[in-house]
Structures are given as structure tokens and as C-alpha cells.
Visitor: 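Before I ask anything, here is the structure I am working with.
Remember, predicted model here, so these are calculated numbers, not experimental data. Lettering of chains follows the sequences in order, A, B, ..., and the numbering in each one begins at 1.
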Number of protein chains: 2
Amino acid sequence: MRLLEERILKDGQVFAGNVLKVDSFLNHQLDVQLLSEIGAEFKKIYSDCDITKVLTIEASGIGVGCMVAQFFDCPLLFAKKTKTINIKGDVYTSKVESFTHKCTYDIIVSKDFLGKDDTVLIIDDFLAKGNALLGLIDIVKQSGAKLAGCGIAIEKGYQGGGDKLRAQGIRVESMAIIDEMNDETGEIVFGTR
Amino acid sequence: MRLLEERILKDGQVFAGNVLKVDSFLNHQLDVQLLSEIGAEFKKIYSDCDITKVLTIEASGIGVGCMVAQFFDCPLLFAKKTKTINIKGDVYTSKVESFTHKCTYDIIVSKDFLGKDDTVLIIDDFLAKGNALLGLIDIVKQSGAKLAGCGIAIEKGYQGGGDKLRAQGIRVESMAIIDEMNDETGEIVFGTR
């Protein structure tokens with residue numbers, strides 16, 4: 001998606017350790033108009049899939065997830081990262097290893113909101129090693145729902161998570177795929193899949 | 001807002017300890033159409049305020065915050081609850097005591113995205129004792145921005161947080177205000193301010 005690639009080139013900053021800072025428009029301050037354009041694009045891509053639920057993970061997936069769900073006229077469901085006292089009843093759980101935070105955490109989704117009659121589109125803002133997606137896919141499998149595929153704003157292609165999932169036959173569509181980043185020159189090279 | 005009150009009566013569940021479970025449409029699964037109606041309503045209420053930024057707090061404020069920001073054609077900025085490695089540079093910080101999680105945590109907002117030229121609308125899904133709002137208001141003050149007011153989906157009026165803020169001259173508008181809840185009968189009584 002040209003609009004997102006251009007925005008990354010304009011406002012993204014590359015730091016050592018493979019960190020791409022896009023918090024001016026994607027994961028701290030959110031450009032909701034841009035997210036809406038991304039939502040419209042995913043609607044085109046997955047238009048024939050009869051999506052009944054968009055699934056994401058807190059916190060920064062919620063913004064893009066909401067905008068995507070609007071176009072599918074279905075609810076957004078977000079996996080929570082810790083068990084809170086306000087979640088009652090049975091839940092699906094999975095474990096996710098965080099590349100950003102260097103820890104492992106549990107994600108949970110209430111069984112009330114996902115079941116075998118659902119067709120799910122998983123949405124997230126970032127895809128690096130794919131660990132968050134693996135956790136969400138595991139939860140979709142547990143629920144018996146059908147997985148239509150995944151929709152990602154920015155995929156770090158060079159970290160291989162997306163390609164690993166594609167090799168397993170999972171549909172992964174990304175609005176921008178970064179194949180190379182250089183924190184010394186600031187250069188960002190985009191690719192396609 | 002009648003639509004939200006009706007939804008709370010239909011799908012909300014009252015539990016002991018003043019817990020109102022609305023996770024089927026507001027803070028786990030999100031009814032994005034309902035959130036969009038809420039956004040339209042806040043646009044009406046704050047239409048003459050020249051809002052430049054909607055500010056909320058992760059995680060469940062992000063959904064309603066996005067929908068509100070759409071109507072004001074401005075970015076959504078969400079305060080983060082812990083310092084992550086992807087936030088670089090100077091930040092505003094404040095402390096928030098959580099009623100739900102029974103702990104105190106730091107919230108942070110990058111100084112890059114909030115300053116004296118901004119007019120801020122603070123949005124959150126819930127208002128109980130008002131501690132999250134106090135933290136966000138503190139951050140707006142630190143930034144030198146103008147605070148237009150606060151917009152809340154569900155205010156637990158009987159917990160007094162909203163009235164305390166109003167007594168300080170802060171504009172607080174809530175789409176539904178609960179004055180009484182009974183976890184034995186399930187009864188919910190709405191009020192106005």
C-alpha cells in the first residue's frame with residue numbers, strides 16, 4: 001500500500017536493534033484517517049470471505065482493528081494480555097513470546113465471543129517473528145472458528161515471521177513489507193510477497 | 001444516550017463488588033457501530049471546541065477513542081501504561097491508581113505529540129473514581145495544552161469520580177451515567193448530570 005510506505009518513509013525512524021519507530025501515526029499517536037484507508041484496503045482483499053469477527057491483541061492492534069472491523073460491519077474482539085477480574089467464565093488462552101518486551105505472556109479471549117460459526121480475520125499493527133499471530137491463530141483453532149487470514153499494517157519481512165506462516169498455508173496480507181532497514185543511514189527497503 | 005443505556009440494560013451484567021461487565025460490546029468485544037454512534041454524539045457535544053487531539057489510555061479506551069477521533073478528523077493519542085523500549089525521548093508521566101486492578105501504575109505520553117497549541121478531548125470507556133482521568137488531565141496540564149473536556153462512555157455516577165471533576169470546573173460528558181446497580185437483582189438505574 002503506497003500510502004503507508006510513503007508515510008513510513010516520511011515519519012518512520014530506524015533505531016539500532018531492528019526497531020522501527022512509527023509512534024507518530026501507528027502505535028502511540030494514531031492517524032485514524034490512515035487506519036481507515038488501511039481498513040478499506042483489507043475489506044477489498046478479504047471481501048469474499050464473509051468475515052464475522054476481527055480479532056486482534058491489545059493494545060496497539062485495537063486501533064487498526066477497529067477501523068478494519070468498521071468496513072466488515074462486524075465486531076472487533078481483542079485478546080487481553082493478562083487475566084483481569086472483569087473477565088468471567090471460560091476463556092481460550094495461549095502463550096506469546098514478546099520480541100519487543102523480551103518476555104512471555106498469556107493472552108486470553110472469552111469463549112463467549114468466538115466459536116465454530118465464526119470466520120475470523122486476524123489484524124495487527126506489526127508482524128516481526130510472528131509470535132503474537134501464532135498465539136491468536138492458536139486461539140482461533142481452539143474455538144473451532146474458520147481462519148480467513150491475517151492482515152498486518154507493517155511486516156518486518158527480514159524477521160521471517162510472515163513467510164513462516166505463509167509456508168504453513170496461512171494467508172498473510174501486509175500493507176507494507178520491510179525487507180531491509182539500516183539504522184546508520186535510515187534507509188528502508190520495501191518488498192512484496 | 002438512549003442507545004447505550006438500552007445496550008447496557010440488554011447486555012450488561014452486574015456482579016458483586018460494583019463490577020459491571022460490558023465486555024460483549026465495550027471492552028473485550030467492541031461493537032464498532034455503537035462506538036461510531038458514540039463518536040458522532042461527542043462530535044455534536046464538543047463541535048465548537050476546535051479539538052486538535054483526542055487523548056485516551058490503553059487498552060480499552062483506544063476503541064472508543066479511535067471512533068471519536070474520526071469525527072473530529074484529528075489523531076488519537078493514547079497514554080501507555082508502562083515504559084516500553086519503543087518510546088524514545090522525553091515523555092510526560094503521571095501516576096494512576098487502578099480501581100479494577102488494585103495497583104498504581106505510571107502512564108506516559110511522548111512530548112512529541114502534545115503541546116501548548118493543542119486543544120484536547122480526553123476520552124475513556126469507563127469513569128469510576130476518576131483516577132485515570134486525573135492522570136490524563138495532569139498530562140494535559142504538563143503539556144500546556146488546552147483541555148476542552150472529557151467524554152466517557154459509561155460513568156459509574158455512584159462512585160463520585162465524575163462529580164468530583166465537575167466540581168473542579170472540568171467539563172465531563174458521559175453517554176450513560178449509572179446511579180445505582182444491584183448485583184442481586186441485576187437492576188441498573190441511570191441518571192443525568
Side-chain angles (χ1 to χ4, degrees), chain A residues 13 15 17 19-25 27-36 39 53-82 84-89 91 98-102 108-110 112-114 126, chain B residues 13 15 17 19-25 27-36 39 53-82 84-89 91 98-102 108-110 112-114 126:
Chain A
Q13 289 172 279
F15 291 94
V19 173
L20 175 67
K21 186 184 165 189
V22 287
D23 62 1
S24 66
F25 61 94
N27 47 22
H28 179 29
Q29 177 169 261
L30 308 185
D31 180 338
V32 292
Q33 306 305 328
L34 175 68
L35 298 187
S36 183
K53 210 140 286 189
V54 172
L55 177 66
T56 190
I57 183 167
E58 65 177 0
S60 51
I62 297 174
V64 60
C66 265
M67 292 301 161
V68 173
Q70 263 194 317
F71 284 92
F72 288 96
D73 201 14
C74 75
L76 171 72
L77 181 60
F78 68 87
K80 301 201 174 198
K81 283 180 178 168
T82 48
T84 74
I85 62 166
N86 282 347
I87 298 269
K88 307 269 177 189
V91 293
S98 169
F99 172 74
T100 313
H101 297 92
K102 307 194 191 327
I108 58 171
V109 167
S110 166
D112 290 343
F113 308 129
L114 202 61
F126 260 99
Chain B
Q13 289 172 278
F15 290 95
V19 173
L20 175 68
K21 186 184 164 190
V22 288
D23 62 1
S24 66
F25 60 94
N27 48 22
H28 180 28
Q29 178 170 259
L30 309 186
D31 180 337
V32 292
Q33 307 305 328
L34 174 68
L35 298 186
S36 184
K53 209 140 286 189
V54 172
L55 177 66
T56 190
I57 184 167
E58 65 177 359
S60 50
I62 298 173
V64 60
C66 265
M67 292 301 163
V68 174
Q70 263 193 316
F71 284 92
F72 287 96
D73 201 14
C74 76
L76 170 73
L77 181 60
F78 69 87
K80 301 201 174 198
K81 282 181 179 168
T82 48
T84 74
I85 62 166
N86 282 348
I87 298 270
K88 306 270 178 188
V91 292
S98 169
F99 171 74
T100 313
H101 298 91
K102 306 195 191 328
I108 59 171
V109 168
S110 167
D112 290 344
F113 308 129
L114 201 61
F126 260 100

Visitor: Which atoms of S24(A) come close to chain B, meaning under 4.5 Å heavy atom to heavy atom: side chain ones, backbone ones, both, or neither?
Guide: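 Contact with chain B involves both backbone and side-chain atoms of S24(A).
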Visitor: Which pairs, with at least one residue in residues 58-68 of chain B and sequence neighbours excluded, count as a side-chain hydrogen bond (donor to acceptor under 3.5 Å, both in side chains)?
Guide: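 Checked against side-chain hydrogen bond (donor to acceptor under 3.5 Å, both in side chains) - neighbours excluded - the pairs reaching residues 58-68 of chain B are S60(B)-D125(B).
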Visitor: Report which part of V22(A) has an atom under 4.5 Å of a heavy atom belonging to chain B: side chain, backbone, both, or neither.
Guide: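 Looking at V22(A), nothing touches chain B.
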Visitor: Taking all atoms of both residues into account, what is the closest heavy-atom pair of A59(B) and A59(A), and its distance?
Guide: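 Of all heavy-atom pairs spanning A59(B) and A59(A), the closest is CB-CB, 4.2 Å.
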Visitor: Does anything in residues 65-75 of chain A pair up under side-chain hydrogen bond (donor to acceptor under 3.5 Å, both in side chains), and if so which pairs, sequence neighbours excluded?
Guide: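 Every side-chain hydrogen bond (donor to acceptor under 3.5 Å, both in side chains) pair that includes a residue of residues 65-75 of chain A, provided the two are not neighbours, is Q70(A)-Q70(B), D73(A)-Q33(B).
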Visitor: Could you check whether any side-chain N or O of H28(B) sits under 3.5 Å from a backbone N or O of A79(A), counting only pairs where one atom can act as donor and the other as acceptor?
Guide: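 A pair under 3.5 Å: no.
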Visitor: May I ask you to name which of D31(A), L55(A), L77(A) has the most heavy-atom pairs under 4.5 Å with chain B?
Guide: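 Option with the greatest count: L77(A).
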Visitor: Does I62(A) reach the side chain of L30(B), with side-chain heavy atoms less than 4.5 Å apart?
Guide: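 SC-SC contact between I62(A) and L30(B) confirmed.
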Visitor: Taking all non-hydrogen atoms of both residues into account, name the closest pair between N27(A) and K80(B) and its distance.
Guide: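 Shortest heavy-atom contact: O-NZ, 2.9 Å.
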Visitor: Taking the side chain as every heavy atom from C-beta outward, state whether L76(A) and L35(B) have any pair of such atoms under 4.5 Å apart.
Guide: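 Side-chain contact under 4.5 Å: no.
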